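Starting from 1, each residue takes its place in the sequence as its number. The model shown is predicted, which means the values in this text are computed figures rather than measured ones. Hydrogens, waters and symmetry mates are skipped; everything else that's a heavy atom, side chains included, is used. In each ligand, atom 1 is the first atom listed, and ligand 1 is the first ligand listed.
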Amino acid sequence: MRLVVLVSGTGTNLQALLDACADPAYGAEVVAVGADRDGIEGLARAELAGVPTFVCRVGDFADRGAWDRALAQAVTAHRPDLVVSAGFMKLVGPPLRSRVAMVNTHPALCPAFPGMHGAADALAYGVKVTGATLFVVDDGVDTGPIVAQVPVPVADDDTAESLHERIKVAERAMLVGSIGRMAREGWSLDGRRVRIG
Ligand code: GRF
């Protein structure tokens, strides 16, 4: 399965995928990494792994629609079977999503705590269990059909940062496990229900 991974930051989820893909038995290959900004660790990780990169900055385009079309062009040039948004901090519009399936990972148990601050919002609400969700991207914000979820307990002394870091450990394992199964066993969508195999 050919993967294009989109990142905006440190790229630890990307690194986990790159490490998994080093084993041919994993069943997937990261064929390119895209970003919405320059100079981020995620791009450096891709370059170190010898994976082609591209950058598509919203500010370089007349409007968001033009950016969406350029992103679609840049991604599909690599002929992906699946696009993985892994810490990509932009909503992606129909030009890309109509051409290739896309999954995203979110640091909360959807449909709870959507948006930019999943870990901090869960902590502030006072939940005792949160986690991470892998879902198929749709028109909403973290609303798409759910591929996988993993629970993470909230500790009494957690800060937003400590909680997010612990979520990310579970999130990376869930991402690697789920993408590998999707690649090896295939997957399908029936309404909101995602089936692997
Ligand atoms: C992840 O927790 C992701 O769910 C969230 O941002 C974090 C990205 O981490 N949107 P990294 O860049 O993969 O280290």
Side-chain angles (χ1 to χ4, degrees), residues 3-22 26 28 30 32-49 51 53-58 71 75 82-93 96-97 102-125 127 129-138 140-155 158-180 182 194:
L3 307 176
V4 169
V5 182
L6 300 178
V7 295
S8 296
T10 50
T12 61
N13 281 286
L14 164 67
Q15 188 66 58
L17 280 173
L18 289 169
D19 293 348
C21 288
Y26 181 63
V30 180
V33 171
D36 62 335
R37 61 199 76 185
D38 294 300
I40 56 170
E41 209 180 326
L43 287 173
R45 291 175 189 274
E47 280 154 21
L48 204 62
V51 173
T53 63
F54 59 89
V55 176
C56 223
R57 280 178 301 257
V58 172
L71 181 70
V75 170
L82 184 68
V83 178
V84 182
S85 165
F88 188 59
M89 305 310 268
K90 290 279 184 300
L91 293 178
V92 172
L96 176 57
R97 287 191 286 106
M102 179 168 175
V103 292
N104 185 29
T105 172
H106 179 62
L109 292 176
C110 296
F113 312 116
M116 301 281 279
H117 308 290
D121 291 348
L123 185 68
Y125 192 92
V127 295
V129 178
T130 183
T133 302
L134 182 68
F135 63 94
V136 180
V137 179
D138 67 3
V141 177
D142 303 323
T143 52
I146 291 169
V147 178
Q149 293 188 295
V150 60
V152 174
V154 179
D158 260 331
T159 62
E161 292 71 31
S162 68
L163 178 58
H164 194 183
E165 281 310 311
R166 221 166 50 258
I167 290 171
K168 283 176 67 170
V169 173
E171 184 180 28
R172 289 189 287 266
M174 174 190 69
L175 179 69
V176 166
S178 302
I179 298 290
M182 291 167 89
V194 177

Report yes if the side chains of K168 and T10 come closer than 4.5 Å at any heavy-atom pair, otherwise no.
-> yes
Near G87 (heavy-atom distance under 4.0 Å), the atoms of ligand 1 are 6 (O), 8 (C), 10 (N)
R172: which of T12, N13, D19 passes side chain to side chain donor-acceptor pair (under 3.5 Å) | T12
Side-chain donor or acceptor of R45 paired with backbone N/O of I40 under 3.5 Å | no
For atom 5 (C) of ligand 1, what is the nearest protein heavy atom, given as residue, atom name and distance?
-> P107 CD, 3.9 Å
Find the distance between CG (L82) and CD1 (I179) and round it off to the nearest 0.5 Å.
-> 5.0 Å
Is ligand 1 less than 4.0 angstrom away from at least one heavy atom of G11?
-> yes
Any nitrogen or oxygen of G9, main chain or side chain, under 3.5 Å from a nitrogen or oxygen of ligand 1?
-> no
Against heavy atoms of K168, which atoms of ligand 1 measure under 4.0 Å?
-> 2 (O), 9 (O), 11 (P), 14 (O)
Identify the protein heavy atom lying closest to atom 14 (O) of ligand 1, giving its residue, its atom name and the separation to 0.1 Å.
-> T12 OG1, 2.5 Å
heavy-atom search around atom 1 (C) of ligand 1 in the protein gives E171 OE1, 3.2 Å
With a 4.5 Å heavy-atom cut-off, do L123 and D158 have their side chains touching?
-> yes
Contacting atoms of ligand 1, where contact means under 4.0 angstrom from a heavy atom of H164 | 1 (C), 2 (O), 7 (C)
Under 4.0 angstrom from ligand 1, any heavy atom of V7?
-> no
Less than 4.5 Å apart, any side-chain heavy atom of V84 and any of L6?
-> no
Does the side chain of T133 pick up a donor-acceptor pair with the side chain of Q149 at under 3.5 Å?
-> yes
